[in-house]
Amino acid sequence: CFWSAQMATDLIVAAIIPNGTNASCEGSSTSLIIFSSINGVAALICLVAAILVCALGLHKKTVYRLALYQDLASVSLSSACTLGFIFLYIPITSNRPLCVLIAFVGFYSQWAKLLFNWWITFHLVSFVVCLKNWKALEALYVVSTLFLSAVIAIVPFTTDTYGPAGSWCWIVSSHNNCPSTPNKDGVIEQFVLWYGPSTIILSLSSSAMLVMLAVLTVRVRSQRKTRRGFGSNGSQYRKALNQLLPLAAYPIVFLILVIPPFINRVSVFSMGASQPSFLPKLSAASTGGWGIAAGVTLIIHVTVARVMARKRIHVRFYRCT
């Protein structure tokens, strides 16, 4: 299916781009079309998810606001990436200021998304493992995320490493956007400022989720054996747990989708122009998948919550009658 999609995309490239391509020598117009198209779809899905949360009034609850913050960061990231489509028609290397702006907005949004994922994990694990509901820390979640994202996103400005990074705009990995002349400072920043921290944070988040599920399993078994609830506030605990558990999907899915771009950047640095041609396309699809996964997961989260709420109303009505 992947190769069939690639052939179809190649035909689209030939149809819509006159006289070849203006995309980078490191990447290709095919990669750019995949990257921009998937991110465009992702931005729309995330926007629909955000509207759905607000329309149903779920934004009044802390749990859904945490998911909404992460979803809005995905809207920003996917929108910035979609703008790269214009470089199919204008040279990316000769329009560097625009590329730098897109790279900054995208990188800032990447970190905002990552940190909101971390706070979602922290909030969920604290509730399930420690039985603490840190609603009062919501302001800290938001302020720390916006501040730290800005601090990290400013670093490439100080080293002038924002610009064309293959077919799209990010931290540059080569001079003149060609793998034959690697930019070691840019490559180091890619791994120090993003791939290293994101892999560590998402790995910790996924591990924390496994611990949380183990603790939850033990408690459920204990509850069944003793036929007792989770303490005096058992019903409130179960209600909150039903809202929180779908959040477990966010960091795990994000970690899976970060791996292909990581492998692609390693291959660019180690193999240069001889890297497998499918890796940039797989990286483009995976990066766009960050937003799609966030939007779809939130929509599923909201749908499940509404279905469960209706079931509870039905059960109460049945008991009353």
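Any value given below was found using the heavy atoms of this structure, including those in side chains, with hydrogens, waters and symmetry copies removed.
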A.B. asks: If every non-hydrogen atom of Ile299 is compared with every non-hydrogen atom of Ala49, which pair is closest and at what distance?
C.D. replies: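 Minimum heavy-atom separation between Ile299 and Ala49: CG1-CB, 3.7 Å.
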A.B. asks: State, with a plain yes or no, whether a side-chain heavy atom of Leu137 is found less than 4.5 Å away from one of His123.
C.D. replies: no
A.B. asks: In Å, rounded to the nearest 0.5 Å, how long is the span from CD1 of Ile45 to OG1 of Thr297?
C.D. replies: 10.5 Å
A.B. asks: For residues Cys99 and Gly163, report the shortest heavy-atom separation together with the two atoms involved.
C.D. replies: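 So the two residues come closest at SG-C, 3.4 Å.
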A.B. asks: If two hydrophobic side chains count as joined below 4.5 Å and joins carry through other members, does Val75 share a cluster with Leu298?
C.D. replies: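 As far as the 4.5 Å side-chain criterion goes, Leu298 and Val75 are not connected within one cluster.
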A.B. asks: Look only at the side chain of Trp118 and the backbone of Ser205, and say whether a donor-acceptor pair between them is shorter than 3.5 Å.
C.D. replies: no
A.B. asks: When you measure from the side chain of Tyr162 to the backbone of Cys169, do you find a donor-acceptor pair of N or O atoms at a distance under 3.5 Å?
C.D. replies: no
A.B. asks: I'd like to check Val211 versus Val125 (side-chain heavy atoms, cut-off strictly below 4.5 Å). Are they in contact?
C.D. replies: no
A.B. asks: Do Leu115 and Leu146 have side chains that get closer than 4.5 Å, going by heavy atoms?
C.D. replies: no
A.B. asks: Using the six-membered ring wherever Trp is involved, compare the ring planes of Tyr195 and Trp170 and label them parallel, tilted or perpendicular (cut-offs 30° and 60°).
C.D. replies: perpendicular
A.B. asks: Could you tell me whether the side chain of Ser144 and the main chain of Tyr141 form a donor-acceptor pair under 3.5 Å?
C.D. replies: yes
A.B. asks: May I ask whether Leu148 and Ile200 are part of the same hydrophobic cluster, defined by side-chain heavy atoms of I, L, V, M, F, W, Y residues being less than 4.5 angstrom apart, directly or through others?
C.D. replies: yes
A.B. asks: If you take all heavy atoms of Leu72 and Ala50, which pair is closest and at what distance?
C.D. replies: CD2-CB, 4.0 Å
A.B. asks: Kindly write out the residues that satisfy side chain to side chain donor-acceptor pair (under 3.5 Å) with Asp160, not counting sequence neighbours, or none if the list is empty.
C.D. replies: Arg96
A.B. asks: For the CD1 atom of Ile188 and the CD1 atom of Ile171, what is their distance to the nearest 0.5 Å?
C.D. replies: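 Here the rounded value is 12.0 Å.
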A.B. asks: Does a side-chain heavy-atom distance below 4.5 Å link Thr159 with Asp185?
C.D. replies: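 No. Closest side-chain heavy atoms not under 4.5 Å.
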A.B. asks: Return the CG to CG distance between Leu88 and Leu32, rounded to the nearest 0.5 Å.
C.D. replies: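 That separation rounds to 4.5 Å.
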A.B. asks: Answer yes or no: is there a donor N or O on one side and an acceptor on the other, between the side chain of Trp290 and the main chain of Val253, under 3.5 Å?
C.D. replies: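 No.
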A.B. asks: Would you name the heavy atoms of Ala43 and Ser78 that are closest together and state the gap between them?
C.D. replies: N-CB, 3.7 Å
A.B. asks: Applying the 4.5 Å side-chain criterion to the ILVMFWY set and letting contacts propagate, would Leu202 and Leu204 be lumped into a single cluster?
C.D. replies: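 Same hydrophobic cluster.
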A.B. asks: Looking at residues at least two apart in the chain, or sitting in another chain, which of them share a ring-ring contact (aromatic ring centres under 6.0 Å, His included) with Phe147?
C.D. replies: none
A.B. asks: Is the side chain of Thr158 donor-acceptor paired with the backbone N or O of Val155 at a distance under 3.5 Å, no angle test?
C.D. replies: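 Confirmed, Thr158 side chain pairs with Val155 backbone.
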A.B. asks: State the OG1-CH2 distance between Thr145 and Trp111, to the nearest 0.5 angstrom.
C.D. replies: 10.5 Å
A.B. asks: After noting the C-alpha distance and the side-chain angles of Val258 and Leu114, does the key distance pass the side-chain contact (heavy atoms from CB on, under 4.5 Å) rule?
C.D. replies: CA-CA 11 Å; Val258 162; Leu114 177 64; over 6 Å; no
A.B. asks: Who passes side chain to side chain donor-acceptor pair (under 3.5 Å) against Ser109, sequence neighbours left out?
C.D. replies: Ser76
A.B. asks: Let me check something: do Val151 and Val143 share a hydrophobic cluster, defined by ILVMFWY side-chain heavy atoms less than 4.5 Å apart, either directly or through other members?
C.D. replies: no
A.B. asks: Using a 4.5 Å cut-off between side-chain heavy atoms of Ile, Leu, Val, Met, Phe, Trp and Tyr, which other residues end up in the same hydrophobic cluster as Ile51?
C.D. replies: Leu47
A.B. asks: Mind checking side chain to side chain donor-acceptor pair (under 3.5 Å) for Ser74 and listing every partner two or more places apart, or none if nothing turns up?
C.D. replies: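 In terms of side chain to side chain donor-acceptor pair (under 3.5 Å), with neighbours along the sequence ignored, Ser74 is linked to Lys113.
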A.B. asks: Under 30°, 30 to 60°, or over 60°: which ring-plane class applies to Tyr89 and Phe85, parallel, tilted or perpendicular?
C.D. replies: tilted
A.B. asks: Enter the distance from Ile201:CD1 to Asn117:CG here, rounded to the nearest 0.5 Å.
C.D. replies: 10.0 Å
A.B. asks: Carefully, step by step, assess Ile152 and Phe107 under the rule side-chain contact (heavy atoms from CB on, under 4.5 Å).
C.D. replies: CA-CA 9 Å; Ile152 296 171; Phe107 193 46; 4.0 Å; yes
A.B. asks: Quick check: is Phe262 connected to Val172 through a chain of hydrophobic side chains (ILVMFWY, heavy atoms under 4.5 Å apart)?
C.D. replies: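 Unlinked, Val172 and Phe262 end up in two clusters.
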A.B. asks: Supply the atom-to-atom distance Thr199 OG1 to Leu255 CG, rounded to the nearest 0.5 angstrom.
C.D. replies: 7.0 Å
A.B. asks: Between Leu83 and Leu98, does a side-chain contact (heavy atoms from CB on, under 4.5 Å) hold up when you go through it step by step?
C.D. replies: CA-CA 10 Å; Leu83 291 176; Leu98 177 59; over 6 Å; no
A.B. asks: Is the Phe116 to Trp119 ring centre distance short of 6.0 Å?
C.D. replies: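 No, they do not, as the ring centres are separated by 6.0 Å or more.
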A.B. asks: With sequence neighbours left out, write down each residue that passes side chain to side chain donor-acceptor pair (under 3.5 Å) with Thr62, or none if nothing qualifies.
C.D. replies: Arg65
A.B. asks: I need the minimum non-hydrogen distance between Leu68 and Cys54, along with the two atoms involved.
C.D. replies: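 In terms of heavy atoms, the two residues are closest at CD2-SG, 4.2 Å.
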A.B. asks: Looking at Gly289 and Ile38, what are the two nearest heavy atoms and their distance?
C.D. replies: N-CG2, 3.9 Å
A.B. asks: Between Cys81 and Leu77, is a side-chain contact (heavy atoms from CB on, under 4.5 Å) present by the stated rule, with each step listed?
C.D. replies: CA-CA 6 Å; Cys81 294; Leu77 172 60; 3.9 Å; yes
A.B. asks: Between Phe104 and Phe157, is the gap from one ring center to the other below 6.0 Å?
C.D. replies: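 Distance test on ring centres: under 6.0 Å, yes.
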